[in-house]
Peer 1: 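Take a look at this one; I'll ask things after.
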Amino acid sequence: MIIRLYSRYRTRVTTNLLSIPSLNHCSQCGFSSPLSTSTQLTRQQVNCIPQIPNLDAHTGARFLQNCIINGDLASGKTLHCHFLKAGGGLDLFGWNILLNLYVKSELLSDARNLFDEMPSRNTVSFVTIIQGFSEFPDVESVKLFVRLHREGHELNAYVFTTVLKLLVNMECGELAANVHGIIYKLGHCSNAFVGTALLDAYSSCGCVRMAREVFDCISCKDMVSWTGMITCYAENGYFKDAFCFFSQMRMLGFNPNNFTLASLFKACLGLEEIEVGKSLHACVIKTCYETDPYVSVSLLDLYTKSSDIEAARRVFEEIPKKDVIPWSFMIARYSQSDRCEEAVRLFCRMRREPAVPNQFTFASVLQACATMGNLTLGKQIHCHVQKVGLDLFVHVSNALMDVYAKCGLINNSIELFRESENKNEVSWNTLIVGNVNLLNWDMALTLFSDMLNDHVQSTEVTYSSVLCACANLTVLETGAQIHSLTIKTLFENNVIVANALIDMYAKCGNIKHARLAFNMIRQKDVVSWNAMISGYSMHGLGNEALRMFNMMRKTNVKPDQLTFVGVLSACSNVGLLNEGEAYFTSMVNDYSIEPCMEHYTCMVSLFGKLGQLVKAVDLINQIPGEPSVMVWRALLGACVIHKDLELGELSAKRVLELEPQDESTYVLLSNMYASAKRWDNVALVRKNMKRKRVKKEPGLSWIENQGIVHYFTVGDSSHEDIRLIYGMLEWLNLRIKKAGYVCNHDVILLDVEDDEKARLLWVHSERLALAFGLVSTPSGCPIRIMKNLRICLDCHVVFKFISKIVKREIVVRDINRFHHFEDGVCSCGDYW
DNA sequence: CGGCAACTAA
């Protein structure tokens, strides 16, 4: 009864006040409703407020309380004016309510002004204002806490929950330890609110053990405390403990709510317990939490990460009023899981809904554009984000740069990069990766050195891309310098960087260092193993490659398609017929990997090398679809070795059907005719080459010495040390002739005398590079030469002789592989 | 008059 009367009285007060007409509009100052402005009240506005008779502090406070309940800011402000004009009339209790009204209405500067102008303040005033600013935390809020303490106000539980939340928002949870001391002294530890806030602060900075200690001290743990502890475990990777605490909580009779469930889904993901997640999903449906924004998004996370994107889609469609987060989430996950069309479709659908895309949405849909190479859509979105100013977000501009780079318009990316005011390391990476993908390796390295000059921190992406550029340029010394940079910046143990190092060393001809880089990796992944296996195979060290594969099988890293490309090519290099066939069968039967064109190529090459040409042809006939040019080339190579003219002609024909301008095929064909003494055919090949205007790619060999790359073409005389080089060549010529070398004139396809042929052979680019290496490096140190074409047959013979005479290891990387010449033998076994 | 716990992302 009493309550009824009281509430009727409250209603009457409210009605009375609001019915004063001049409160709502004043013709003099245009002050209509204080709601319309969030600025501080002007003197004039205050003067316009008529005096409300008989308004004592108690009534005022009650009225303001009502304003908070009804969200009636306008009346609250009006009352504020009244009290300002009256020069008082509210007590501290009332002022605090008004302060709270401003905070709840998010009028923070008004709140701050009121706080400073209030006649007096107590703990509640401080707590209220600090909470108001906790969303935008800065030092000012901490200062307020210090002031509260210094002015001697009561340090109650509210103060600590508020300040702890502030610390979490400021991302300095570790400072909680200091506050913990005061809390302990004042005996607030057992309070559930304080305890949970403290627990959360410790959790936010990863101090799980301290969080647990705090939790144990809470005397009456409520559901929120339990949930806080579960969340702490889930967020810090203690997924099992999260579940253990959940069951303890259930045994005490507490029911999980949306907070608890969201954390449990995170734990499910961490444990990869998708089935548990599904049963929790059932629980979510039963408790009607399915539409909760947090719970639904954690479900989306669970299903997309466990690659059940269809289940995620079903959850997504069930969310009734989707805000930007679920939309962005799904678009992002579609973009990342190679379902770019779906991402774009969803984006278009989103545009017809009330949800407004933000920078995350655009970054994701641009990522999809980049992957698809959809320049048209990319440009449209570029215009749009520019219009709404979202291109200022670094992630959006990076995604735009990526779109242009992936569509081949690298200059547009560079322009965007230059204009962008917000750059980060990802912006640099995008440009570097873009250039690497477009085979602009020099440009990638130039950008990297600009990046170093700008003092931008490199990341694993930077290092792996520039190392890839080094590998393709075969610049060992630059690669080694970058290696030392990775050590300095503590990136050498990063598995992605280390994999790139293996590849770089292997491709630059230093297989021993590749192995050292491999050995350094603690958590080797499939890429590490593949890089090492194919590295060995590339260097003709087939047995070593197979040993690697057998080591790999003892780990829990699963071999993939590329692993078997390495393994089978190793078998082919060494000529291990039975092993090769066994691995090929095992790949299909034990590892369920369908053979791809590269696998067939390796097998054809393996059969071919051992002279089993019938088997090779049989296998080619088994290939589903059209055999690739690589397959035919492998067969042609085999025919050259085993002098099968008929099959050789056929395979050369197939190669030239697919690549009519392939010079090396003409050379092989001609060699084959020459060794069969079919001179008319040799002439025919030559004529054909002329008629089809086969572009002869100029042969180029290069060698790196003290950071400088020296290039040589055939008969090159431009090098500054050319006299020394020719002197060395002459000496070598004499020495190897004495050792039994006979010139192979058939290699030269020109119609000239044999003497001239011999002279032409002696100025081949690889020989010039070798001679330069011999005169410019100390004796005994290995020489690494790169060539852009296949090494010439005669040079191959010569290099074997020279390696024995000068007692040096000579490494030649031609377009296909590495040749290690040592003591008169080549690692390729004369088959390549 | 004031308090504790949860979601995406290049």
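Values below: every heavy atom of this structure, side chains too, minus hydrogens, waters and symmetry copies. Reminder, nothing fancy here: chain letters follow the sequence lines and each chain counts from 1.
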Peer 1: Cation over ring, A:Lys221 on A:Phe215, under 6.0 Å and within 45°?
Peer 2: yes
Peer 1: Between B:dA6, B:dG2, B:dC4, spot the one nearest the side chain of A:Val124, thanks.
Peer 2: B:dG2
Peer 1: Would you say the side chains of A:Asn398 and A:Thr430 form a donor-acceptor pair under 3.5 Å?
Peer 2: no
Peer 1: Tell me the interatomic distance from A:Phe193, atom CZ, to B:dG2, atom P, rounded to whole angstroms.
Peer 2: 12 Å
Peer 1: What integer distance in Å separates A:Phe115:CZ from B:dG2:P?
Peer 2: 16 Å
Peer 1: Which one, B:dC4, B:dA10, B:dG2, comes nearest to the side chain of A:Asn156?
Peer 2: B:dG2
Peer 1: For A:Trp327 and B:dA10, what is the distance between atoms CH2 and C1' respectively, to the nearest whole Å?
Peer 2: 20 Å
Peer 1: From the list B:dA6, B:dC4, B:dG3, which nucleotide is the closest neighbour of the side chain of A:Val194?
Peer 2: B:dG3
Peer 1: Does A:Asn100 contact B:dC1 through a side-chain donor or acceptor facing the base, at a distance under 3.5 Å?
Peer 2: no
Peer 1: Can you say whether a donor on the side chain of A:Ser298 sits under 3.5 Å from an acceptor on the base of B:dC7, or the other way round?
Peer 2: no
Peer 1: For the pair A:Glu290 and A:Arg314, find out whether any cationic side-chain nitrogen is under 4.0 Å from an anionic carboxylate oxygen.
Peer 2: no
Peer 1: Roughly how many Å is it from CD1 in A:Ile69 to P in B:dC1, rounded to a whole number?
Peer 2: 9 Å
Peer 1: When you check the gap from the basic side-chain N to the acidic O, do A:Lys165 and A:Asp200 get nearer than 4.0 Å?
Peer 2: no
Peer 1: Mind checking if A:Asn398 touches a base, just sugar-phosphate, or nothing, with heavy atoms under 4.0 Å?
Peer 2: nothing
Peer 1: Report which part of the nucleic acid A:Ala234 touches: base, sugar-phosphate, or nothing (heavy-atom distance under 4.0 Å, all strands).
Peer 2: nothing
Peer 1: Among A:Tyr334, A:Phe329, A:Trp327, exactly one meets ring-ring contact (aromatic ring centres under 6.0 Å, His included) together with A:Phe316. Which residue is that?
Peer 2: A:Trp327
Peer 1: Does the base of B:dA10 carry an N or O that pairs as donor and acceptor with the side chain of A:Asp402 under 3.5 Å?
Peer 2: no
Peer 1: Taking the minimum atom-to-atom distance to the side chain of A:Asp200, which one of B:dA10, B:dG3, B:dA6 wins?
Peer 2: B:dA6
Peer 1: What is the separation between atom CZ on A:Arg333 and atom C1' on B:dC7, rounded to the nearest whole Å?
Peer 2: 11 Å
Peer 1: A:Gln336 side chain N/O closer than 4.0 Å to the phosphate oxygens (OP1, OP2) of B:dA10?
Peer 2: yes
Peer 1: Measure CZ/A:Phe160 against C1'/B:dG3 and give the value in whole Å, please.
Peer 2: 12 Å
Peer 1: Just checking A:Ala157: base, sugar-phosphate only, or nothing, at a heavy-atom cut-off of under 4.0 Å?
Peer 2: base
Peer 1: Of the listed nucleotides (B:dC4, B:dA10, B:dC7), which one gets closest to any side-chain atom of A:Lys266?
Peer 2: B:dC7
Peer 1: Would you indicate which nucleotide in B:dG2, B:dT8, B:dA5 comes nearest to any side-chain atom of A:Asp301?
Peer 2: B:dT8
Peer 1: Tell me, yes or no, whether the heavy-atom count around A:Lys379 atom NZ, taken from other residues, nucleotides or ligands under 6.0 Å, exceeds 12.
Peer 2: no
Peer 1: At 4.0 Å (heavy atoms only), tell me whether A:Asn358 reaches a base, stays on the sugar-phosphate, or touches nothing.
Peer 2: nothing
Peer 1: Below 4.0 angstrom, which residues in residues 276-285 of chain A have at least one non-hydrogen atom near DNA chain B?
Peer 2: none
Peer 1: Using a cut-off of 4.0 Å on non-hydrogen atoms, how would the nucleic acid contact of A:Ile97 be classed: base, sugar-phosphate, or nothing?
Peer 2: sugar-phosphate
Peer 1: For a quick test of reading the model: is some side-chain N or O of A:Lys165 closer than 4.0 Å to OP1 or OP2 of B:dA5?
Peer 2: yes
Peer 1: How many whole angstroms separate atom CD1 of A:Ile331 from atom P of B:dA10?
Peer 2: 13 Å
Peer 1: What nucleotide among B:dA6, B:dC4, B:dG2 has an atom nearest to a side-chain atom of A:Glu235?
Peer 2: B:dA6
Peer 1: Counting side-chain heavy atoms from C-beta on, which of B:dT8, B:dA10, B:dA6 comes nearest to A:His395?
Peer 2: B:dA10
Peer 1: When you get a sec, tell me which of B:dG2, B:dA10, B:dA6 is the closest nucleotide to the side chain of A:Val127?
Peer 2: B:dG2
Peer 1: What is the distance from CG of A:Asp323 to C1' of B:dA6, rounded to the nearest Å?
Peer 2: 14 Å
Peer 1: Given B:dC1, B:dA10, B:dA6, identify the nucleotide with an atom nearest to the side chain of A:Gln65.
Peer 2: B:dC1
Peer 1: When A:Phe160 is tested against each of A:His149, A:His180, A:His188 for ring-ring contact (aromatic ring centres under 6.0 Å, His included), which residue passes?
Peer 2: A:His188
Peer 1: Regarding A:Glu342 and A:Arg345, does a basic nitrogen lie under 4.0 Å from an acidic carboxylate oxygen?
Peer 2: yes
Peer 1: Is it possible for you to check whether A:Arg121 lies under 6.0 Å from the centre of the six-membered ring of A:Phe115, through NZ or CZ, and within 45° of that ring's axis?
Peer 2: yes
Peer 1: Within the structure shown, what part of the strands sits under 4.0 Å from A:Thr123 by heavy-atom distance: base, sugar-phosphate, or nothing?
Peer 2: base
